[in-house]
There are 2 protein chains.
Amino acid sequence: MAKNDVETLFQNESELTTSEKILDAAIDLIAQEGFDAVSIRDIAKTVGIRESSIYNHFKSKDEILDTIIDYFTVELARASALPAGIEGRLEEVGIEKYMEIGSNAFMERIMDPRVSKIWRVLSIELYHNKKIKDFFIQTMLNAPLDAWEQIFGKMIDKKLVKSYDPRMLAREFFSFGIYLYFVQFFLKYDENSRSFDDAALKELDDHIKFFIEAVRA
Amino acid sequence: MAKNDVETLFQNESELTTSEKILDAAIDLIAQEGFDAVSIRDIAKTVGIRESSIYNHFKSKDEILDTIIDYFTVELARASALPAGIEGRLEEVGIEKYMEIGSNAFMERIMDPRVSKIWRVLSIELYHNKKIKDFFIQTMLNAPLDAWEQIFGKMIDKKLVKSYDPRMLAREFFSFGIYLYFVQFFLKYDENSRSFDDAALKELDDHIKFFIEAVRA
DNA sequence: GTCTATAAGTGGATAGAC
DNA sequence: GTCTATCCACTTATAGAC
């Protein structure tokens with residue numbers, strides 16, 4: 001990586017605008033200490049400018065957080081979507097492969113070291129930021145549950161899966177993702193381990209195998 | 001409840017010491033806004049004394065939080081312990097009853113409206129307080145996983161349960177509790193709904209039924 | 001677009017009278 | 001054990017020179 005601490009989340013490090021540098025620094029600091037504990041001075045010092053200069057790019061401290069939230073909730077929302085093209089190919093690929101592809105698509109976005117710091121920021125601010133809370137409820141909870149409910153409904157129709165309540169199956173399957181997320185971003189997070197480790201991937205693999213064995217018709 | 005907003009967490013409301021009033025007020029305010037956002041002045045105003053008087057009872061703001069953490073982590077740690085007496089009665093009570101009793105013991109502590117505010121405080125401060133983080137890893141994660149691993153090991157020995165890896169079974173069973181906790185205290189928490197609602201209990205019930213059907217030998 | 005200087009407010013904490 | 005008064009470090013944010 002480069003000479004400074006801040007791993008950039010934007011494309012070309014050499015051509016970063018000051019606004020992008022500010023956002024990078026803010027993300028880095030907030031991920032470590034939380035939004036309240038980070039001051040405009042801290043951010044300015046990390047970027048290498050005076051605090052008053054920050055206000056040429058953002059009109060308030062809150063606007064910095066809002067920009068981070070708006071920029072990345074859109075980006076991260078794609079994580080819960082299933083990969084395009086797999087939709088109609090249920091019989092072709094089989095249950096195992098189907099669930100594996102769906103899970104991996106989800107996990108890869110969360111594992112990505114480029115965005116794991118953002119996940120940490122959103123996790124930290126979740127408790128008192130309505131925008132983040134709504135994002136989580138919608139994107140991390142309801143959307144995946146709805147998607148998996150539909151998928152399990154179809155699997156039941158095709159007699160690939162026992163006729164359980166599809167919503168219950170969606171919860172049984174997806175709740176494990178929330179568990180892994182919580183353990184990773186609340187209990188095990190530190191600045192050095194920014195991505196899911198192999199143990200978590202093994203646990204997910206075990207979960208998929210156990211679940212499939214439990215529901216296969 | 002009484003004439004003021006603060007539901008006391010201590011025994012006799014009429015005989016609360018000032019220290020206890022301060023802790024109650026602090027818990028109430030922190031559960032709503034987080035520790036950083038609550039000032040000594042806020043706490044003093046809620047109690048009805050001047051901020052300087054706070055320092056006759058606690059030597060710093062941090063000591064207030066520490067007292068809350070120390071007092072309740074001990075209390076809450078009991079939540080993850082299985083009820084005494086059930087230990088050796090596995091054959092007698094059967095798998096369903098055994099798991100139901102274990103789960104209920106855990107859930108009742110979390111549901112208790114008296115302590116759910118404390119759970120919220122601990123959840124909010126989890127990300128930057130090592131003491132709380134250690135408590136969670138030990139009491140909310142490792143201890144329950146160890147306990148259930150042992151139990152499932154015994155169930156497998158007695159051929160009550162298929163011979164899966166007991167640690168994997170512990171994760172499959174207990175991760176749903178983490179999911180329910182996360183949804184409750186991070187996504188759905190607000191001052192009015194302080195306890196788990198019936199939907200969560202129904203979801204837990206579904207989970208237990210699904211799990212038993214999946215593992216029964 | 002960055003700087004210096006400063007405003008205006010809030011925070012935790014202490015001294016000393018009662 | 002509570003009060004008034006005060007300290008001072010730190011915060012966000014603005015004004016205006018360069």
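Scope of the values below: all heavy atoms of this structure, side chains included, with no hydrogens, waters or symmetry mates. Quick note on labels: first sequence line is chain A, next is B, and so on, each numbered from 1.
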Using the 3.5 Å cut-off, write out each protein N or O paired with an N or O of nucleotides 13-15 of chain D and the distance between them.
from, atom 1, to, atom 2, distance (Å)
dA13(D), OP2, Tyr55(A), OH, 3.3
dA13(D), OP2, Lys61(A), N, 2.8

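The salt bridge (Lys or Arg N to Asp or Glu O under 4.0 Å) test applied to Asp62(A) returns no partner, not counting sequence neighbours. The salt bridge (Lys or Arg N to Asp or Glu O under 4.0 Å) check on Asp36(B) picks up nothing, with sequence neighbours excluded. Partners of Gln138(B) according to the side chain to side chain contact (heavy atoms under 4.5 Å, CB included) rule, which considers only residues two or more places apart in sequence or in another chain, are Asn142(B), Ala143(B). In this structure, the salt bridge (Lys or Arg N to Asp or Glu O under 4.0 Å) partners of Arg41(B), at least two apart in sequence or on a different chain, are Glu51(B). Applying the side chain to side chain contact (heavy atoms under 4.5 Å, CB included) criterion to Ile124(A), with sequence neighbours excluded, gives Arg120(A), Tyr127(B).
Using a 4.0 Å heavy-atom criterion, one finds that Val38(A) contacts the sugar-phosphate atoms exclusively. Contact annotation for Ser53(A): base contact, defined as any heavy-atom pair under 4.0 Å involving a base atom.
Of all nucleotides listed (dC3(D), dC3(C), dG12(C)), dC3(D) comes nearest to the side chain of Ile49(B).
Per the geometry, CD1 belonging to Ile43(B) stands 15 Å off C1' belonging to dT10(C), to the nearest Å. Protein atom CZ of Phe58(B) is 11 Å distant from nucleotide atom P of dG1(D), rounded to whole Å. Atom CG in Asp66(B) sits roughly 15 Å away from atom P in dG12(C) (whole-Å rounding). Distance, Asp36(A) CG to dG12(C) P: 12 Å, rounded to whole Å. Rounding to whole angstrom units, CZ of residue Arg50(B) and C1' of dG16(C) are separated by 17 Å. Atom-to-atom, CG of Leu29(B) to P of dG11(C) comes out at 12 Å; the value is rounded to the nearest Å.
For the pair Ile68(A) and Ala26(A), the tightest heavy-atom approach, listed with the atom from each and the gap, is CD1-CB, 4.1 Å.
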